[in-house]
2 protein chains.
Amino acid sequence: MQAVPHSTKERILTAAEELFARHGFDGASLRQLTAAAGVNLAAVNYHFGSKDRLIEEVFRRRLDQLNGHRMTALSRIAGLPETSLEDVLAAFIKPALELSHEGSGSLFMRVLARAFAEHDDTLRKFLSENYGHVMRQFTAEFGRLLPQLSREELYWRVDLVTGALTHAMSGFGMIQRKSDVTERVHREQTAEHLIRFAAAGLNAP
Amino acid sequence: MQAVPHSTKERILTAAEELFARHGFDGASLRQLTAAAGVNLAAVNYHFGSKDRLIEEVFRRRLDQLNGHRMTALSRIAGLPETSLEDVLAAFIKPALELSHEGSGSLFMRVLARAFAEHDDTLRKFLSENYGHVMRQFTAEFGRLLPQLSREELYWRVDLVTGALTHAMSGFGMIQRKSDVTERVHREQTAEHLIRFAAAGLNAP
DNA sequence: GCAGGAATCAAACGATCGTTTGAGCATACG
DNA sequence: CGTATGCTCAAACGATCGTTTGATTCCTGC
(Lines give C-alpha, C1' and ligand atoms only; values in the text may rest on other atoms or scores of the structure.)
Protein backbone atom coordinates (compact mmCIF):
# COMPACT_ATOMS: atom_id res chain seq x y z
CA MET A 1 0.00 0.00 0.00
CA GLN A 2 1.69 3.17 -1.16
CA ALA A 3 0.83 6.70 -0.14
CA VAL A 4 0.08 8.05 -3.61
CA PRO A 5 -0.87 5.98 -6.65
CA HIS A 6 1.02 6.54 -9.86
CA SER A 7 -1.12 8.12 -12.52
CA THR A 8 -3.49 11.05 -12.33
CA LYS A 9 -6.38 8.87 -13.44
CA GLU A 10 -5.82 6.41 -10.61
CA ARG A 11 -5.36 9.16 -8.07
CA ILE A 12 -8.73 10.58 -9.12
CA LEU A 13 -10.43 7.19 -9.02
CA THR A 14 -9.13 6.42 -5.54
CA ALA A 15 -10.09 9.80 -4.12
CA ALA A 16 -13.48 9.56 -5.84
CA GLU A 17 -14.17 6.16 -4.32
CA GLU A 18 -13.49 7.44 -0.83
CA LEU A 19 -15.47 10.67 -1.18
CA PHE A 20 -18.41 9.00 -2.93
CA ALA A 21 -18.56 6.48 -0.10
CA ARG A 22 -18.43 9.21 2.53
CA HIS A 23 -20.62 11.93 1.03
CA GLY A 24 -22.53 10.35 -1.83
CA PHE A 25 -22.36 11.03 -5.54
CA ASP A 26 -23.99 14.43 -5.35
CA GLY A 27 -22.50 15.31 -1.99
CA ALA A 28 -18.90 14.95 -3.11
CA SER A 29 -17.91 17.83 -5.37
CA LEU A 30 -15.22 17.73 -8.02
CA ARG A 31 -13.39 20.45 -6.14
CA GLN A 32 -13.12 18.42 -2.93
CA LEU A 33 -12.30 15.40 -5.01
CA THR A 34 -9.48 16.90 -7.05
CA ALA A 35 -8.08 18.63 -3.98
CA ALA A 36 -7.96 15.29 -2.12
CA ALA A 37 -6.31 13.66 -5.12
CA GLY A 38 -3.82 16.48 -5.47
CA VAL A 39 -4.70 17.17 -9.10
CA ASN A 40 -6.18 20.08 -11.00
CA LEU A 41 -9.94 20.58 -11.13
CA ALA A 42 -10.04 20.28 -14.91
CA ALA A 43 -8.32 16.89 -14.82
CA VAL A 44 -11.60 15.05 -14.21
CA ASN A 45 -13.25 16.35 -17.35
CA TYR A 46 -10.04 15.91 -19.30
CA HIS A 47 -9.52 12.26 -18.37
CA PHE A 48 -13.10 11.08 -17.92
CA GLY A 49 -15.26 13.51 -19.87
CA SER A 50 -17.77 14.21 -17.11
CA LYS A 51 -18.58 13.46 -13.49
CA ASP A 52 -21.10 10.80 -14.51
CA ARG A 53 -18.49 8.96 -16.53
CA LEU A 54 -16.14 9.17 -13.57
CA ILE A 55 -18.80 7.52 -11.41
CA GLU A 56 -19.12 4.72 -13.95
CA GLU A 57 -15.35 4.20 -13.97
CA VAL A 58 -15.30 3.96 -10.18
CA PHE A 59 -17.76 1.10 -10.46
CA ARG A 60 -16.04 -0.51 -13.42
CA ARG A 61 -12.64 -0.67 -11.77
CA ARG A 62 -13.89 -2.66 -8.77
CA LEU A 63 -16.81 -4.58 -10.26
CA ASP A 64 -14.76 -6.02 -13.11
CA GLN A 65 -12.44 -7.50 -10.53
CA LEU A 66 -15.15 -8.45 -8.00
CA ASN A 67 -17.53 -10.09 -10.43
CA GLY A 68 -14.67 -11.73 -12.28
CA HIS A 69 -13.69 -13.53 -9.10
CA ARG A 70 -17.31 -14.37 -8.40
CA MET A 71 -17.88 -15.89 -11.83
CA THR A 72 -14.63 -17.84 -11.66
CA ALA A 73 -15.60 -19.30 -8.30
CA LEU A 74 -19.14 -20.06 -9.49
CA SER A 75 -18.02 -21.71 -12.72
CA ARG A 76 -15.97 -24.18 -10.71
CA ILE A 77 -19.01 -25.52 -8.87
CA ALA A 78 -22.10 -24.70 -10.96
CA GLY A 79 -24.12 -27.71 -12.00
CA LEU A 80 -22.06 -30.26 -10.10
CA PRO A 81 -24.09 -32.80 -8.12
CA GLU A 82 -21.99 -32.40 -4.96
CA THR A 83 -22.30 -28.61 -4.84
CA SER A 84 -24.02 -27.27 -1.73
CA LEU A 85 -25.89 -24.04 -1.06
CA GLU A 86 -23.00 -22.94 1.14
CA ASP A 87 -20.58 -23.40 -1.75
CA VAL A 88 -22.55 -21.05 -3.98
CA LEU A 89 -22.88 -18.50 -1.20
CA ALA A 90 -19.14 -18.71 -0.60
CA ALA A 91 -18.51 -18.00 -4.28
CA PHE A 92 -20.66 -14.90 -3.96
CA ILE A 93 -19.50 -13.62 -0.58
CA LYS A 94 -15.79 -14.39 -0.30
CA PRO A 95 -14.62 -12.28 -3.26
CA ALA A 96 -16.48 -9.32 -1.76
CA LEU A 97 -14.87 -9.86 1.63
CA GLU A 98 -11.43 -10.10 0.06
CA LEU A 99 -12.01 -6.82 -1.74
CA SER A 100 -13.40 -5.32 1.43
CA HIS A 101 -10.29 -6.16 3.42
CA GLU A 102 -7.63 -5.13 0.99
CA GLY A 103 -6.29 -1.61 1.42
CA SER A 104 -8.33 0.91 -0.48
CA GLY A 105 -11.16 -1.38 -1.54
CA SER A 106 -12.89 -1.36 1.82
CA LEU A 107 -14.93 1.72 1.01
CA PHE A 108 -16.23 0.41 -2.28
CA MET A 109 -18.93 -1.70 -0.68
CA ARG A 110 -20.35 1.47 0.78
CA VAL A 111 -20.39 3.03 -2.67
CA LEU A 112 -22.25 -0.04 -3.86
CA ALA A 113 -24.76 0.22 -1.02
CA ARG A 114 -25.43 3.81 -2.02
CA ALA A 115 -26.04 2.74 -5.58
CA PHE A 116 -28.65 0.28 -4.29
CA ALA A 117 -30.39 2.94 -2.22
CA GLU A 118 -30.42 5.46 -5.05
CA HIS A 119 -33.05 4.40 -7.48
CA ASP A 120 -31.35 6.42 -10.17
CA ASP A 121 -32.36 4.99 -13.52
CA THR A 122 -29.13 5.77 -15.34
CA LEU A 123 -27.01 4.06 -12.71
CA ARG A 124 -29.31 1.06 -12.44
CA LYS A 125 -29.30 0.62 -16.20
CA PHE A 126 -25.51 0.78 -16.28
CA LEU A 127 -25.17 -1.82 -13.52
CA SER A 128 -27.84 -4.07 -15.01
CA GLU A 129 -26.36 -3.98 -18.49
CA ASN A 130 -22.79 -4.60 -17.41
CA TYR A 131 -23.14 -6.94 -14.46
CA GLY A 132 -26.70 -8.26 -14.54
CA HIS A 133 -25.57 -11.59 -15.93
CA VAL A 134 -23.68 -12.33 -12.72
CA MET A 135 -26.78 -12.11 -10.53
CA ARG A 136 -28.75 -14.10 -13.10
CA GLN A 137 -26.27 -16.97 -13.05
CA PHE A 138 -26.12 -17.05 -9.27
CA THR A 139 -29.90 -16.98 -9.08
CA ALA A 140 -30.09 -19.85 -11.55
CA GLU A 141 -27.73 -21.92 -9.43
CA PHE A 142 -29.65 -21.10 -6.26
CA GLY A 143 -32.78 -22.23 -8.04
CA ARG A 144 -31.19 -25.54 -8.98
CA LEU A 145 -30.30 -26.20 -5.33
CA LEU A 146 -33.69 -25.08 -4.01
CA PRO A 147 -36.15 -26.83 -6.33
CA GLN A 148 -38.90 -26.68 -3.73
CA LEU A 149 -39.13 -22.88 -4.12
CA SER A 150 -41.39 -21.29 -6.69
CA ARG A 151 -39.71 -18.84 -9.03
CA GLU A 152 -41.41 -16.02 -7.15
CA GLU A 153 -40.16 -17.22 -3.77
CA LEU A 154 -36.69 -17.76 -5.18
CA TYR A 155 -36.40 -14.20 -6.49
CA TRP A 156 -37.67 -12.83 -3.24
CA ARG A 157 -35.23 -14.73 -1.06
CA VAL A 158 -32.25 -13.95 -3.27
CA ASP A 159 -33.26 -10.31 -3.03
CA LEU A 160 -33.40 -10.54 0.78
CA VAL A 161 -30.00 -12.21 0.90
CA THR A 162 -28.31 -9.61 -1.31
CA GLY A 163 -29.93 -6.86 0.74
CA ALA A 164 -28.63 -8.30 3.98
CA LEU A 165 -25.13 -8.85 2.64
CA THR A 166 -24.84 -5.45 1.02
CA HIS A 167 -26.04 -3.82 4.20
CA ALA A 168 -23.67 -5.86 6.36
CA MET A 169 -20.57 -5.35 4.27
CA SER A 170 -21.15 -1.63 3.79
CA GLY A 171 -21.70 -0.83 7.45
CA PHE A 172 -19.18 -0.48 10.18
CA GLY A 173 -21.50 -2.94 11.90
CA MET A 174 -18.85 -5.35 10.69
CA ILE A 175 -17.51 -7.37 13.59
CA GLN A 176 -14.10 -6.10 14.58
CA ARG A 177 -11.16 -8.41 14.35
CA LYS A 178 -9.83 -9.54 17.70
CA SER A 179 -6.16 -8.89 18.18
CA ASP A 180 -5.40 -12.57 18.67
CA VAL A 181 -6.60 -13.75 15.25
CA THR A 182 -4.95 -13.04 11.93
CA GLU A 183 -6.86 -11.08 9.33
CA ARG A 184 -7.06 -14.17 7.16
CA VAL A 185 -8.67 -16.17 9.97
CA HIS A 186 -11.00 -13.30 10.76
CA ARG A 187 -12.11 -13.09 7.16
CA GLU A 188 -12.84 -16.81 7.16
CA GLN A 189 -14.89 -16.47 10.33
CA THR A 190 -16.83 -13.54 8.90
CA ALA A 191 -17.58 -15.48 5.73
CA GLU A 192 -18.76 -18.46 7.77
CA HIS A 193 -21.08 -16.18 9.70
CA LEU A 194 -22.64 -14.57 6.65
CA ILE A 195 -22.94 -17.87 4.79
CA ARG A 196 -24.66 -19.61 7.69
CA PHE A 197 -27.19 -16.80 8.03
CA ALA A 198 -27.90 -16.62 4.30
CA ALA A 199 -28.16 -20.39 3.87
CA ALA A 200 -30.64 -20.64 6.74
CA GLY A 201 -32.74 -17.84 5.24
CA LEU A 202 -32.75 -19.36 1.78
CA ASN A 203 -33.62 -22.77 3.22
CA ALA A 204 -36.43 -21.47 5.42
CA PRO A 205 -39.45 -23.85 5.57
CA MET B 1 -56.96 9.83 0.33
CA GLN B 2 -57.53 13.33 -0.94
CA ALA B 3 -55.75 15.03 -3.80
CA VAL B 4 -54.25 17.90 -1.81
CA PRO B 5 -53.66 17.83 1.96
CA HIS B 6 -54.95 20.71 4.04
CA SER B 7 -52.16 22.83 5.39
CA THR B 8 -49.07 24.22 3.74
CA LYS B 9 -46.86 22.33 6.20
CA GLU B 10 -48.43 19.00 5.32
CA ARG B 11 -48.30 19.72 1.61
CA ILE B 12 -44.58 20.39 1.96
CA LEU B 13 -43.99 17.26 4.04
CA THR B 14 -45.83 15.04 1.57
CA ALA B 15 -44.03 16.45 -1.46
CA ALA B 16 -40.71 16.25 0.39
CA GLU B 17 -41.23 12.60 1.23
CA GLU B 18 -41.84 11.72 -2.38
CA LEU B 19 -38.97 13.75 -3.80
CA PHE B 20 -36.50 12.64 -1.13
CA ALA B 21 -37.41 9.04 -1.90
CA ARG B 22 -36.98 9.58 -5.61
CA HIS B 23 -33.93 11.86 -5.82
CA GLY B 24 -32.30 11.81 -2.39
CA PHE B 25 -31.88 14.52 0.16
CA ASP B 26 -29.32 16.47 -1.83
CA GLY B 27 -30.82 15.60 -5.19
CA ALA B 28 -34.24 17.07 -4.44
CA SER B 29 -34.08 20.86 -4.40
CA LEU B 30 -36.38 23.15 -2.48
CA ARG B 31 -37.47 24.65 -5.76
CA GLN B 32 -38.67 21.32 -7.19
CA LEU B 33 -40.16 20.52 -3.84
CA THR B 34 -42.17 23.68 -3.35
CA ALA B 35 -43.30 23.60 -6.97
CA ALA B 36 -44.60 20.05 -6.52
CA ALA B 37 -46.35 21.07 -3.31
CA GLY B 38 -47.84 24.16 -4.94
CA VAL B 39 -46.41 26.51 -2.33
CA ASN B 40 -43.96 29.37 -2.37
CA LEU B 41 -40.23 28.71 -2.18
CA ALA B 42 -39.81 30.65 1.05
CA ALA B 43 -42.48 28.59 2.80
CA VAL B 44 -40.00 25.86 3.70
CA ASN B 45 -37.71 28.18 5.63
CA TYR B 46 -40.70 29.97 7.15
CA HIS B 47 -42.38 26.83 8.49
CA PHE B 48 -39.37 24.59 9.17
CA GLY B 49 -36.40 26.93 9.54
CA SER B 50 -34.10 25.08 7.14
CA LYS B 51 -33.92 22.15 4.75
CA ASP B 52 -32.21 20.00 7.39
CA ARG B 53 -35.03 20.58 9.84
CA LEU B 54 -37.51 19.71 7.10
CA ILE B 55 -35.71 16.41 6.60
CA GLU B 56 -35.98 15.70 10.32
CA GLU B 57 -39.69 16.45 10.27
CA VAL B 58 -40.21 14.06 7.36
CA PHE B 59 -38.71 11.33 9.52
CA ARG B 60 -40.49 12.40 12.66
CA ARG B 61 -43.95 12.34 11.10
CA ARG B 62 -43.66 8.71 9.98
CA LEU B 63 -41.33 7.27 12.62
CA ASP B 64 -43.40 8.48 15.56
CA GLN B 65 -46.31 6.54 14.14
CA LEU B 66 -44.30 3.52 12.96
CA ASN B 67 -42.25 3.02 16.11
CA GLY B 68 -45.27 3.74 18.28
CA HIS B 69 -47.06 0.81 16.70
CA ARG B 70 -43.94 -1.32 17.00
CA MET B 71 -43.50 -0.60 20.69
CA THR B 72 -47.18 -1.21 21.40
CA ALA B 73 -47.03 -4.57 19.68
CA LEU B 74 -43.79 -5.49 21.44
CA SER B 75 -44.99 -4.49 24.88
CA ARG B 76 -47.88 -6.92 24.54
CA ILE B 77 -45.55 -9.92 24.16
CA ALA B 78 -42.18 -8.97 25.65
CA GLY B 79 -41.04 -11.24 28.46
CA LEU B 80 -43.94 -13.66 28.24
CA PRO B 81 -42.97 -17.33 28.35
CA GLU B 82 -45.17 -18.27 25.40
CA THR B 83 -43.78 -15.59 23.07
CA SER B 84 -42.05 -16.94 19.96
CA LEU B 85 -39.39 -15.47 17.69
CA GLU B 86 -42.04 -15.09 15.01
CA ASP B 87 -44.18 -13.02 17.36
CA VAL B 88 -41.38 -10.52 17.94
CA LEU B 89 -40.61 -10.34 14.23
CA ALA B 90 -44.27 -9.74 13.52
CA ALA B 91 -44.30 -6.86 15.98
CA PHE B 92 -41.38 -5.35 14.08
CA ILE B 93 -42.44 -6.03 10.52
CA LYS B 94 -46.22 -5.66 10.39
CA PRO B 95 -46.40 -2.00 11.38
CA ALA B 96 -43.91 -1.22 8.62
CA LEU B 97 -45.95 -3.14 6.07
CA GLU B 98 -49.12 -1.36 7.12
CA LEU B 99 -47.40 1.98 6.66
CA SER B 100 -45.98 0.82 3.38
CA HIS B 101 -49.37 -0.06 1.98
CA GLU B 102 -51.37 2.94 3.06
CA GLY B 103 -51.62 5.72 0.53
CA SER B 104 -48.72 8.10 0.70
CA GLY B 105 -46.61 6.19 3.18
CA SER B 106 -45.29 3.71 0.65
CA LEU B 107 -42.38 5.91 -0.32
CA PHE B 108 -41.20 6.47 3.22
CA MET B 109 -39.41 3.13 3.46
CA ARG B 110 -37.27 4.24 0.54
CA VAL B 111 -36.42 7.42 2.38
CA LEU B 112 -35.44 5.26 5.35
CA ALA B 113 -33.29 3.05 3.16
CA ARG B 114 -31.47 6.13 1.90
CA ALA B 115 -30.84 7.24 5.44
CA PHE B 116 -29.22 3.86 6.11
CA ALA B 117 -26.99 4.13 3.07
CA GLU B 118 -25.95 7.68 3.84
CA HIS B 119 -23.52 7.53 6.68
CA ASP B 120 -24.26 11.14 7.47
CA ASP B 121 -23.38 11.74 11.11
CA THR B 122 -26.04 14.37 11.78
CA LEU B 123 -28.83 12.16 10.46
CA ARG B 124 -27.55 9.06 12.27
CA LYS B 125 -27.32 10.94 15.52
CA PHE B 126 -30.85 12.25 15.13
CA LEU B 127 -32.23 8.79 14.41
CA SER B 128 -30.22 7.17 17.20
CA GLU B 129 -31.24 9.74 19.80
CA ASN B 130 -34.93 9.68 18.94
CA TYR B 131 -35.57 6.09 18.01
CA GLY B 132 -32.58 4.07 19.22
CA HIS B 133 -34.50 2.76 22.20
CA VAL B 134 -36.84 0.87 19.87
CA MET B 135 -34.06 -1.17 18.31
CA ARG B 136 -32.51 -1.74 21.73
CA GLN B 137 -35.72 -3.19 23.13
CA PHE B 138 -36.28 -5.43 20.16
CA THR B 139 -32.66 -6.62 20.32
CA ALA B 140 -33.08 -7.38 24.03
CA GLU B 141 -36.16 -9.47 23.33
CA PHE B 142 -34.43 -11.30 20.48
CA GLY B 143 -31.58 -12.01 22.90
CA ARG B 144 -33.97 -13.48 25.44
CA LEU B 145 -35.40 -15.85 22.83
CA LEU B 146 -31.98 -16.78 21.43
CA PRO B 147 -29.92 -17.47 24.55
CA GLN B 148 -27.52 -19.70 22.64
CA LEU B 149 -26.16 -16.69 20.74
CA SER B 150 -23.29 -14.63 22.10
CA ARG B 151 -23.91 -10.93 22.34
CA GLU B 152 -21.67 -10.41 19.34
CA GLU B 153 -23.55 -12.95 17.23
CA LEU B 154 -26.87 -11.49 18.32
CA TYR B 155 -25.95 -7.97 17.25
CA TRP B 156 -24.69 -9.22 13.95
CA ARG B 157 -27.78 -11.23 13.09
CA VAL B 158 -30.15 -8.46 14.11
CA ASP B 159 -28.15 -6.15 11.85
CA LEU B 160 -28.45 -8.61 8.96
CA VAL B 161 -32.20 -8.92 9.51
CA THR B 162 -32.82 -5.18 9.57
CA GLY B 163 -30.67 -4.80 6.47
CA ALA B 164 -32.64 -7.42 4.60
CA LEU B 165 -36.01 -6.02 5.64
CA THR B 166 -35.11 -2.41 4.90
CA HIS B 167 -33.82 -3.44 1.51
CA ALA B 168 -36.88 -5.53 0.76
CA MET B 169 -39.46 -2.99 1.82
CA SER B 170 -37.77 -0.10 0.07
CA GLY B 171 -37.40 -1.81 -3.28
CA PHE B 172 -40.05 -2.38 -5.85
CA GLY B 173 -38.73 -5.93 -5.66
CA MET B 174 -41.80 -6.30 -3.48
CA ILE B 175 -43.95 -9.12 -4.72
CA GLN B 176 -46.94 -7.73 -6.56
CA ARG B 177 -50.36 -8.46 -5.28
CA LYS B 178 -52.32 -10.91 -7.41
CA SER B 179 -55.67 -9.62 -8.53
CA ASP B 180 -57.55 -12.44 -6.81
CA VAL B 181 -56.39 -11.66 -3.27
CA THR B 182 -57.39 -8.69 -1.18
CA GLU B 183 -54.76 -6.24 -0.06
CA ARG B 184 -55.21 -7.34 3.52
CA VAL B 185 -54.57 -10.97 2.60
CA HIS B 186 -51.61 -9.98 0.47
CA ARG B 187 -50.12 -8.03 3.32
CA GLU B 188 -50.51 -11.04 5.61
CA GLN B 189 -48.78 -13.25 3.06
CA THR B 190 -45.93 -10.78 2.64
CA ALA B 191 -45.47 -10.60 6.40
CA GLU B 192 -45.41 -14.39 6.63
CA HIS B 193 -42.76 -14.49 3.96
CA LEU B 194 -40.48 -11.95 5.60
CA ILE B 195 -40.97 -13.41 9.07
CA ARG B 196 -40.14 -16.92 7.94
CA PHE B 197 -36.94 -15.78 6.25
CA ALA B 198 -35.84 -13.65 9.20
CA ALA B 199 -36.65 -16.31 11.80
CA ALA B 200 -34.66 -18.90 9.88
CA GLY B 201 -31.68 -16.55 9.64
CA LEU B 202 -31.78 -15.64 13.32
CA ASN B 203 -32.09 -19.30 14.27
CA ALA B 204 -29.27 -20.47 12.01
CA PRO B 205 -27.11 -23.20 13.60
C1' DG C 1 17.46 19.49 -30.25
C1' DC C 2 13.38 20.56 -31.73
C1' DA C 3 8.55 19.93 -33.22
C1' DG C 4 4.06 18.34 -31.57
C1' DG C 5 0.80 16.00 -29.05
C1' DA C 6 -0.42 15.02 -24.12
C1' DA C 7 -1.15 16.80 -19.77
C1' DT C 8 -1.68 20.41 -16.37
C1' DC C 9 -2.90 24.82 -14.86
C1' DA C 10 -5.51 29.26 -13.27
C1' DA C 11 -9.47 31.47 -14.42
C1' DA C 12 -13.90 32.12 -15.78
C1' DC C 13 -18.70 30.51 -17.50
C1' DG C 14 -23.65 29.98 -16.68
C1' DA C 15 -26.65 27.43 -13.81
C1' DT C 16 -28.55 26.15 -9.55
C1' DC C 17 -28.38 25.75 -4.77
C1' DG C 18 -30.29 27.15 0.31
C1' DT C 19 -31.46 31.12 2.48
C1' DT C 20 -32.99 35.97 3.39
C1' DT C 21 -35.50 40.14 2.60
C1' DG C 22 -39.29 43.30 2.62
C1' DA C 23 -43.53 44.29 0.74
C1' DG C 24 -48.30 42.61 0.33
C1' DC C 25 -52.34 39.97 1.85
C1' DA C 26 -55.41 37.81 4.99
C1' DT C 27 -57.81 36.97 9.22
C1' DA C 28 -58.83 37.92 14.06
C1' DC C 29 -59.13 40.97 18.16
C1' DG C 30 -59.46 45.48 20.73
C1' DC D 1 -62.53 50.83 12.20
C1' DG D 2 -57.74 50.16 13.10
C1' DT D 3 -54.17 47.33 13.98
C1' DA D 4 -51.70 43.53 15.15
C1' DT D 5 -50.45 38.75 13.65
C1' DG D 6 -49.73 34.89 10.70
C1' DC D 7 -48.78 33.78 6.24
C1' DT D 8 -47.57 34.18 1.20
C1' DC D 9 -45.18 36.16 -2.43
C1' DA D 10 -41.54 37.79 -6.02
C1' DA D 11 -37.00 38.99 -5.95
C1' DA D 12 -32.52 38.93 -4.76
C1' DC D 13 -28.27 37.28 -1.99
C1' DG D 14 -23.82 34.90 -1.84
C1' DA D 15 -22.03 30.42 -2.37
C1' DT D 16 -21.05 26.45 -4.86
C1' DC D 17 -21.80 23.40 -8.50
C1' DG D 18 -20.06 20.93 -13.24
C1' DT D 19 -17.97 22.33 -17.19
C1' DT D 20 -15.13 24.96 -20.60
C1' DT D 21 -11.43 27.79 -22.20
C1' DG D 22 -6.87 29.10 -23.62
C1' DA D 23 -2.34 29.48 -22.21
C1' DT D 24 1.55 26.90 -20.35
C1' DT D 25 4.40 23.01 -19.23
C1' DC D 26 5.89 18.29 -19.89
C1' DC D 27 7.49 14.59 -22.46
C1' DT D 28 8.29 11.74 -26.35
C1' DG D 29 9.80 10.50 -31.22
C1' DC D 30 12.09 11.89 -35.26
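Chain identifiers are assigned alphabetically (A, B, ...) following the order of the sequence lines, protein sequences preceding nucleic acid strands; residue numbering begins at 1 within each chain.
Note on B:T8: a side-chain N or O is less than 4.0 Å away from OP1 or OP2 of D:dT8. For A:H47 and C:dA6, the shortest distance from a side-chain N or O to OP1 or OP2 is not below 4.0 Å.
Applying the side chain to side chain donor-acceptor pair (under 3.5 Å) test to residues at least two apart or on different chains, the pairs with a partner in residues 131-142 of chain B are B:D64-B:Y131, B:E141-B:R144. The stretch residues 19-37 of chain B participates, sequence neighbours left out, in these salt bridge (Lys or Arg N to Asp or Glu O under 4.0 Å) pairs: B:E18-B:R22.
Partners of A:K94 under the salt bridge (Lys or Arg N to Asp or Glu O under 4.0 Å) rule, at least two apart in sequence or in another chain, are A:E188. Looking at residues two or more places apart in sequence or on another chain, you find a salt bridge (Lys or Arg N to Asp or Glu O under 4.0 Å) between A:E57 and A:R60. Legend: residues meeting side chain to side chain donor-acceptor pair (under 3.5 Å) with A:S84, ordered by chain and number and at least two apart, are A:D87.
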Worksheet, complete the sentence: Given protein heavy atoms under 4.0 Å, the one-letter contact record of nucleotides 10-23 of chain D, with B base, S sugar-phosphate only and - none, is simply B-B----BBBBB--
